[in-house]
Amino acid sequence: MKIDPFDSTARYVSITGIMLGAAAALSAFESMASAFLPAGVRIGLANIAVFAAAVCINLPTAFIITLLKSAFVLLTRGVTAGMMSACGGIVSFGITALLLSKTRASYVMISMLSAVGHMLGQLAASAVLMGSMYTFYYAPVLLIVGTASGFFTGIVSGKVIPLLEKSLAVHNRR
């Protein structure tokens, strides 16, 4: 069940704020967990909140959350990380929006393709920042990790989104 932003502005803003808070918290947690992963590798936990917003609220709101999540990264980890987050997030969001609106792909498939798109967007940003195409040599590693992390976040999204939809539907009846 999608939230109509014009039905209840307060409800829409509060649910959107909760989703942005979840994305920021997951991003912060992911920063700590990435210390145990190879350089440049992240799990993509914050994308679960963006994906849930795309399904449960609407695509424009999910895009705003994507941009605000990147702003959070910019403020907490610096310009380079913010640019990488924005480039990866925008590509990832584009893939998610396209697949959600034009196909009946599963959450796992959308999440996997979105994660790979996120990695490719980050590689493109890295190539621009470094002024070198050699960053694309890291693509095979990131594609494998992106596919695996996308599978994981797709499974989690498949569990979280129905619960969120059920919660929103129960709230609507009150």
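Along the sequence shown, residues are numbered consecutively beginning with 1.
- Closest non-hydrogen pair, Val116 versus Gly146, comes out as CG2-C, 4.3 Å.
- A continuous path of hydrophobic side-chain contacts links Phe136 to Val145 [ILVMFWY only; heavy atoms under 4.5 Å].
- In terms of hydrophobic clustering, with Ile, Leu, Val, Met, Phe, Trp and Tyr side chains grouped at heavy-atom distances under 4.5 Å, Ile43 and Val141 are assigned to a common cluster.
- Residues Leu68 and Val13 share a single hydrophobic cluster, defined by chaining ILVMFWY side chains whose heavy atoms lie under 4.5 Å apart.
- The heavy-atom pair separating Ala46 from Lys69 by the smallest distance is CB-CD, 3.5 Å.
- The hydrophobic cluster containing Val108 also includes Met112, Phe151, Ile155, under a criterion of side-chain heavy atoms closer than 4.5 Å among ILVMFWY residues, counted directly or through chains of members.
- Counting heavy atoms from C-beta outward, Ser85 and Leu74 have side chains that stay 4.5 Å or more apart.
- Of the inter-residue distances, the one linking Ile110 atom CD1 with Arg104 atom CZ reads 11.0 Å to the nearest 0.5 angstrom.
- With Ser111 contributing its side chain and Gly150 its backbone, the two residues share a donor-acceptor pair below 3.5 Å.
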Only distances under 3.5 Å count here; give the side-chain donor-acceptor pairs of residues 89-101 to other protein atoms, sequence neighbours excluded, each with its distance to 0.1 Å.
from: Ser92; atom 1: OG; to: Ser114; atom 2: O; distance (Å): 3.4
from: Ser92; atom 1: OG; to: Ser114; atom 2: OG; distance (Å): 2.5
from: Thr96; atom 1: OG1; to: Ser92; atom 2: O; distance (Å): 3.0
from: Thr96; atom 1: OG1; to: Ser114; atom 2: OG; distance (Å): 3.3
from: Ser101; atom 1: OG; to: Ala97; atom 2: O; distance (Å): 2.8
from: Ser101; atom 1: OG; to: Leu98; atom 2: O; distance (Å): 3.4

TODO: For Val55 and Glu165, run side chain to side chain contact (heavy atoms under 4.5 Å, CB included): C-alpha distance rounded to whole Å, both residues' side-chain angles, the deciding distance at 0.1 Å, then the answer.
DONE: CA-CA 9 Å; Val55 173; Glu165 288 176 322; 3.7 Å; yes
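- Closest approach of Leu59 and Ala54 over heavy atoms only: CD2-CB, 3.8 Å.
- The two atoms that bring Ala52 and Leu164 nearest to each other are CB-CD2, 4.1 Å, heavy atoms only.
- Side-chain contact between Phe51 and Thr153 is absent, with no heavy atoms from C-beta onward closer than 4.5 Å.
- Between Met84 and Leu129 the shortest side-chain heavy-atom distance falls below 4.5 Å.
- Although no hydrogens or angles enter the test, the distance criterion places no donor-acceptor pair under 3.5 Å between the side chain of Gln122 and the main chain of Gly88.
- A donor-acceptor pair shorter than 3.5 Å can be found between the side chains of Tyr12 and Thr61.
- We find the CD1-CG distance between Ile15 and Leu20 to be 13.0 Å, quoted to the nearest 0.5 Å.
- Judged by distance alone, with hydrogens and angles left aside, the side-chain atoms of Ser14 form a donor-acceptor pair with the main-chain N or O of Ala10 at under 3.5 Å.
- Remark: Leu123 CG to Met133 CE distance equals 9.5 Å, nearest 0.5 Å.
- In this structure, the separation between CD1 on Ile65 and CG on Asn47 is 11.5 Å, given to the nearest 0.5 Å.
- Using modelled atom types, no side-chain atom of Ser167 and backbone atom of Leu163 make a donor-acceptor pair closer than 3.5 Å.
- Note: Leu120 CG to Leu143 CG = 5.5 Å, rounded to the nearest 0.5 Å.
- Note: the hydrophobic cluster containing Met32 also contains Ile48 (ILVMFWY, side chain heavy atoms under 4.5 Å, direct or indirect links).
- Two residues are said to be in side-chain contact when any heavy atoms from C-beta on lie closer than 4.5 Å; His118 and Leu142 fail this criterion.
- Side-chain contact check for Glu30 versus Leu26: every heavy-atom pair is 4.5 Å or farther apart.
- Annotation: the span from Ser126 atom OG to Met83 atom CE amounts to 9.5 Å, rounded to 0.5 Å.
- In this structure, Ser27 and Val73 have side chains that are in contact, with non-hydrogen atoms separated by less than 4.5 Å.
- In the hydrophobic cluster analysis, where Ile, Leu, Val, Met, Phe, Trp and Tyr join through side-chain heavy atoms closer than 4.5 angstrom, Tyr107 is grouped together with Met109.
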